[in-house]
Amino acid sequence: MDGKALAARVRQEVAAEAAELGRPIGLATVLVGDDPASHVYVRSKRNACEEAGIDSIHHELGATTSEEDVLALVADLNADGRVTGILVQLPLPDQIDEERVIRAIAPIKDVDGFHPVNAGLLLQGTPTLLPATPAGIMELLATHDVQLQGARAVVVGRSNIVGKPVSLLLLMQHATVTICHSRTRDLVAVCREADVLVAAVGKPDAVTAEMVKPGATVIDVGINRVDGRLVGDVAEDAREVAGLLTPVPGGVGPMTIAELLRNTVKAARYQTGALAFPRL
Ligand code: NDP
């Protein structure tokens with residue numbers, strides 16, 4: 001499954017929607033500290049925004065910034081009419097409580113979809129701003145006509161960012177979903193039942209050939225650096241057993257950025273009233 005090509009299509013669609021909106025869209029990015037991977041991610045998100053006609057409003061804070069200062073910045077961004085979306089790049093330095101910062105973002109500007117209001121609405125089956133990686137995975141599955149209704153889906157990983165929300169989205173598409181994690185007993189046997197297997201672990205070779213049912217659809221979310229190379233969570237020999245699979249790089253990664261842009265336009269539409277955000 002070519003995530004790069006699909007992401008290019010989504011980005012074109014988003015650019016057209018952004019132009020149609022008739023008012024500026026501004027994505028504020030907040031980067032705290034000097035994690036090199038975070039710098040790379042934020043740079044690509046900002047570039048993608050500008051290409052889609054979305055204004056990028058960037059704030060970079062030092063590694064020793066206090067939680068109060070980050071919360072004050074988020075409050076300013078919530079109140080700023082030019083800012084229609086807010087993204088605080090994770091992870092944050094240890095002195096800052098990430099959950100508290102996420103909860104401070106106005107739900108209607110929460111383009112990462114991590115705020116408890118948006119996460120809760122997803123849980124209840126009324127999705128608003130979806131976390132980008134799970135949304136990208138669902139778009140890849142839909143584009144490739146992967147049958148989900150009645151299918152066995154196994155998700156390895158239970159993070160709030162990937163594992164849990166993608167499990168809910170698969171459930172909404174009527175898959176029978178099993179969520180696995182580090183304490184799952186007999187992971188090999190559970191995974192081998194999957195028609196659709198999502199690996200969101202963050203360990204190279206977490207999914208081996210014996211864990212993949214021949215012909216299954218395998219989504220490799222992992223991004224791991226091994227000897228200076230980017231690899232996913234799915235071992236090389238497992239990739240041969242799969243029917244459809246996402247490459248790393250060039251699979252889920254580009255879709256994540258495309259879906260972030262989609263959310264940014266959606267958030268702006270909520271703010272203009274073109275779309276109604278659920279009343280709280
Ligand atoms: P987390 O570290 O938050 O979660 C990892 C999950 O994997 C946990 O639920 C953990 O279980 C589980 N796990 C760890 N070891 C095992 C094991 N041996 N067997 C079974 N389960 C295990 O990671 P994220 O969800 O944030 O990210 C996962 C991966 O996806 C990372 O490589 C990350 O870089 C990548 N990623 C890629 C994105 C993209 O755009 N392509 C976007 C976001 C993430 P437990 O809960 O029990 O600890």
Side-chain angles (χ1 to χ4, degrees), residues 1-4 6-8 10-11 29 35-48 87-92 98-99 102 111-114 119 122 129-141 153-170 177-194 197-212 218-226 229-235 238 245-263:
M1 286 181 261
D2 183 352
K4 237 170 128 177
L6 180 57
V10 172
R11 282 163 67 160
T29 45
D35 177 58
S38 292
H39 277 260
V40 173
Y41 293 146
V42 170
R43 196 174 320 122
S44 33
K45 289 169 187 177
R46 296 182 61 204
N47 289 343
L87 181 153
V88 178
Q89 183 66 39
L90 305 179
L92 292 170
E98 277 182 6
E99 296 304 323
I102 291 169
V111 291
D112 263 337
F114 298 158
L122 169 61
L129 296 164
L130 289 177
T133 303
I137 293 171
M138 298 310 290
E139 181 98 26
L140 278 162
L141 293 171
V154 173
V155 177
V156 191
R158 55 175 163 178
S159 70
N160 289 336
I161 293 173
V162 189
K164 278 186 214 159
V166 80
S167 301
L168 291 170
L169 291 170
L170 289 163
V177 184
T178 304
I179 307 175
C180 299
H181 46 78
S182 64
R183 268 81 145 193
T184 297
R185 211 182 302 141
D186 208 355
L187 184 67
V188 171
V190 178
C191 289
R192 213 182 150 78
E193 297 241 314
L197 179 61
V198 180
V201 179
K203 290 185 181 155
D205 299 341
V207 170
T208 54
E210 56 175 358
M211 293 162 87
V212 178
V218 178
I219 304 286
D220 191 351
V221 185
I223 300 180
N224 308 294
R225 281 181 180 76
V226 176
R229 231 167 31 98
L230 273 193
V231 299
D233 289 345
V234 178
L245 74 117
T246 57
V248 177
V252 175
M255 288 305 295
T256 296
I257 295 196
E259 294 297 330
L260 167 72
L261 297 183
R262 201 201 286 281
N263 267 355

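Just the heavy atoms: all of them, side chains too, but no hydrogens, waters or symmetry mates, feed the values below. Start at 1 and go down the list; that is how both ligands and their atoms are numbered.
Ligand 1 is never approached by Thr184 to a heavy-atom distance shorter than 4.0 Å. For Ala200, the closest heavy-atom approach to ligand 1 falls below 4.0 Å.
Nearest protein heavy-atom contact of atom 20 (C) of ligand 1 is His181 O, 3.2 Å. With hydrogens left out, the protein atom closest to atom 31 (C) of ligand 1 is Gly202 CA, 3.6 Å, a heavy atom. Here the protein heavy atom with the shortest distance to atom 44 (C) of ligand 1 is Val162 CG2, 4.0 Å. For atom 37 (C) of ligand 1, the closest non-hydrogen atom of the protein is Val221 O, 3.1 Å. Closest to atom 5 (C) of ligand 1, if we only count protein heavy atoms, is Val201 O, 3.4 Å. For atom 18 (N) of ligand 1, the nearest protein heavy atom (residue, atom name, distance) is Lys203 NZ, 4.0 Å. Nearest protein heavy-atom contact of atom 47 (O) of ligand 1 is Ser182 OG, 2.5 Å. Considering only non-hydrogen protein atoms, atom 1 (P) of ligand 1 sits nearest to Ser159 CB, 4.2 Å.
One distance of note links CD1 of Ile102 with CG of Leu90; it measures 5.0 Å at 0.5 Å rounding. Atom-to-atom distance recorded for Leu130:CG and Leu260:CG is 12.5 Å, nearest 0.5 angstrom. Atoms CZ and SG, from Arg158 and Cys180 in turn, are 10.5 Å apart once rounded to the nearest 0.5 Å. The line from CZ of Arg225 to CG of Leu230 is 5.0 Å long, rounded to the nearest 0.5 Å. Taking CD1 of Ile137 as the start and CE of Met255 as the end, the distance is 10.0 Å to the nearest 0.5 Å. Here the straight-line distance linking atom NE2 of His39 with atom CD of Gln89 works out to 9.5 Å at 0.5 Å rounding.
Geometrically, ligand 1 and Arg158 share a nitrogen or oxygen pair separated by less than 3.5 Å. Considering backbone and side-chain atoms alike, Gly163 places every N or O at 3.5 Å or more from each N or O of ligand 1.
For ligand 1, the atoms closer than 4.0 angstrom to any heavy atom of Arg183 are 47 (O). Of all the atoms in ligand 1, the ones that sit under 4.0 Å from a non-hydrogen atom of Gly253 are 40 (O), 41 (N). Counting the atoms of ligand 1 from 1 in the order shown, those under 4.0 Å from a heavy atom of Gly157 are 6 (C), 7 (O), 9 (O). With ligand atoms numbered from 1 in the order given, ligand 1 contributes 20 (C), 21 (N) to contacts under 4.0 Å with heavy atoms of Val156.
Of the possible polar contacts, none joining the Asp233 side chain to the Ala206 backbone as a donor-acceptor pair under 3.5 Å is found. In this structure a side-chain-to-backbone donor-acceptor pair under 3.5 Å is missing from Asp112 to Phe114. Put simply, the side chain of Asp220 never gets that close to the backbone of Thr246: no donor and acceptor are under 3.5 Å apart.
For Thr256, every heavy-atom contact with ligand 1 shorter than 4.0 Å involves the side chain, none the backbone.
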Could you walk me through whether Val156 and Cys191 pass the side-chain contact (heavy atoms from CB on, under 4.5 Å) test, one step at a time?
CA-CA 8 Å; Val156 191; Cys191 289; 3.8 Å; yes
Please step through side-chain contact (heavy atoms from CB on, under 4.5 Å) for the pair Met1 and Leu6, ending with a clear verdict.
CA-CA 9 Å; Met1 286 181 261; Leu6 180 57; over 6 Å; no
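When Leu187, Val166, Asp220 are ranked by how near their heavy atoms come to atom 19 (N) of ligand 1, first place goes to Leu187.
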